[in-house]
Amino acid sequence: MLPDYNPRTDYSHWDCGLWNRVLAASGVQNPFTDEPFSEAVLAGLGGGIGFMIFTFDYKDTTTASVVTRFHPGPYTENLLRRCGANINIQQTGSAPLAQSRLDAALETGVPAVVRVVHGTLPWVPSDPLADMDSVDVAVVARDGEDYLVDDGGGRLERISVPALAAARASRKADKHWQAHVAGGVAEALNTEVLRHAMAETAQELLSQQAPPGVPPSYAKNFGIVGMQSWAQRLRDTSTRQGWSRIFGDPQRAVAGLGMLHGLLTGKRFSGPGALRPLYAQFLCEVAGYGRGSAGVELSGVNLKKLGDAAEHYELLGEQWEELVASIGAAGETSFTPMAAQVEAIAERETAAALALQSAVREAF
């Protein structure tokens, strides 16, 4: 019998959308609501939003990479640890042992999440750029000699045992990785965890330093500082770092801006409105805990300032969508209008992060 699993497609971000479905099917509930976790709350627990941008010049092309979720911090790991579920994470170099562990997890009636190179799945076209990293997919059930897999496409796909094993073994760092809900509660989500998650998001956005583990010279590529640096490079018409110089060749501009637009419209490292509307929803749900709408109440948070931050992030979603539309506009040659959009976004991002930081500062 298949578990009660809904592979719906109405999600904003790959990882929190996937775990929203997996945790719900595994019976995990939010202690503030006694209901399954919403995608928005899981996104907030993961670290929510952030910003990173890099350009690299190669012999034949110039790339432009952007991330608008919390990054490079441990997004999925944060989500799993903070939600309070008892998650059993395993990894092995042995394919037979990995299959045995997968079957054992499925026999308990819960789905298991595994990491694969997406383009190695039989129904997915290969993409050299996207396939540089692994993605998480849910193995929902064993059905005879096959597995049923949710890869975010809105339906369960059938895959053979050898094909799944090959996909799981394709990237050494994630080889035969698996996670599933083992039952019980590790440590229930509480007000301190929520406050810490929000404080970390604000801190990383406002930081003048590079994220942990990143060389200090790259600080200008992250957070609101990264947005401000990007706007300067969009306006720069005289140095080698200016985008008018970097993307002066039409072919390089088409490739680089196409990559940028694809990342911003995708759901792997970004999402609708750069994930700002989803984060606003998270803040509104958290504010609801503080107003006593559930059995467990949030304390130590300034709800008015939390509401102010949520309003900023709703408006930021609109601003980000306008920017994405301009990046995707055919024939765009001047970066000056784009620079003005990024400057306006950075200004409101600052106000939003300061309101969020102020809302939880008293707790730290």
Side-chain angles (χ1 to χ4, degrees), residues 1-31 33-46 75-77 79-91 98-118 120-124 134-165 167-168 174 176-186 189 267-268 271 278 281 285:
M1 174 182 291
L2 295 179
D4 183 14
Y5 189 94
N6 181 12
R8 63 187 185 277
T9 57
D10 58 336
Y11 61 92
S12 295
H13 182 263
W14 184 291
D15 292 310
C16 56
L18 178 74
W19 279 102
N20 169 247
R21 301 189 292 276
V22 169
L23 293 175
S26 303
V28 176
Q29 293 188 329
N30 182 341
T33 65
D34 292 329
E35 298 288 341
F37 280 97
S38 69
E39 183 192 6
V41 170
L42 293 177
L45 294 177
Y75 187 92
T76 299
E77 290 78 0
L79 181 160
L80 296 180
R81 174 172 49 84
R82 290 169 174 166
C83 78
N86 184 15
I87 307 293
N88 186 352
I89 299 176
Q90 301 169 304
Q91 190 167 9
Q99 182 185 338
S100 174
R101 288 175 172 175
L102 177 59
D103 289 340
L106 296 176
E107 286 174 2
T108 68
V110 300
V113 174
V114 300
R115 288 185 173 154
V116 301
V117 173
H118 205 214
T120 62
L121 297 175
W123 59 89
V124 178
S134 300
V135 299
D136 289 356
V137 300
V139 183
V140 176
R142 179 82 181 258
D143 188 19
E145 295 302 310
D146 296 331
Y147 292 105
L148 300 179
V149 172
D150 167 25
D151 77 334
R155 65 180 186 180
L156 298 182
E157 302 283 357
R158 184 176 293 273
I159 188 171
S160 68
V161 170
L164 181 60
R168 296 182 65 189
D174 301 316
H176 302 309
W177 183 95
Q178 172 185 317
H180 66 279
V181 176
V185 176
L189 175 66
K267 295 182 177 180
R268 184 73 179 93
L278 186 67
Q281 182 183 338
E285 291 191 34

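- Within the 3.5 Å criterion, the main-chain N or O of Ala112 finds no donor-acceptor partner in the side chain of Gln178.
- In this structure, Leu164 CG and Thr120 OG1 are separated by 9.0 Å, a value rounded to the nearest 0.5 Å.
- Here the CZ atom belonging to Arg168 is positioned 11.5 Å from the CZ atom belonging to Arg115, to the nearest 0.5 angstrom.
- Atom CG of Leu42 is separated from atom CH2 of Trp19 by 10.0 Å, given to the nearest 0.5 angstrom.
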Item to check | Worked check of side chain to side chain contact (heavy atoms under 4.5 Å, CB included) between Leu121 and Val116 | outcome: CA-CA 8 Å; Leu121 297 175; Val116 301; 4.2 Å; yes
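- To the nearest 0.5 angstrom, Tyr147 atom OH is 7.0 Å from Leu106 atom CG.
- The CG atom of Asn20 lies 12.0 Å from the CG atom of Asp15; values are rounded to the nearest 0.5 Å.
- Taken from OG in Ser12 to CD in Glu39, the straight-line distance is 4.5 Å, to the nearest 0.5 Å.
- Remark: His176 engages no residue in a ring pair (Phe, Tyr, Trp, His ring centres under 6.0 Å) (not counting sequence neighbours).
- Looking at Arg155 and Asp150, no side-chain N of the basic residue comes within less than 4.0 Å of a carboxylate O on the acidic one, giving no salt bridge.
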Checklist entry - Given the rule in the side chain to side chain contact (heavy atoms under 4.5 Å, CB included) test, do Tyr11 and Leu18 qualify, once you have shown the distances and angles that lead to the verdict? => result CA-CA 8 Å; Tyr11 61 92; Leu18 178 74; over 6 Å; no
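- A donor-acceptor pair under 3.5 Å links the side-chain atoms of His13 to the main chain of Arg268, judged by distance alone.
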Next on the checklist: Apply side chain to side chain contact (heavy atoms under 4.5 Å, CB included) to residues Leu148 and Val139 and explain how you reach the verdict.
Outcome noted: CA-CA 6 Å; Leu148 300 179; Val139 183; over 6 Å; no
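- For residues 103-113, the pairs satisfying salt bridge (charged side-chain N to carboxylate O under 4.0 Å, His left out) are Asp103-Arg142, with sequence neighbours left out.
- Using a 3.5 Å distance cut-off with no hydrogens or angles, the side chains of Arg101 and Asn88 do not pair a donor with an acceptor.
- Judged by distance alone, the side chain of Trp123 and the main-chain N or O of Ile159 form no donor-acceptor pair under 3.5 Å.
- Shown here for Pro7 and Arg21, the closest heavy-atom pair between the two residues is CA-CD, 4.0 Å.
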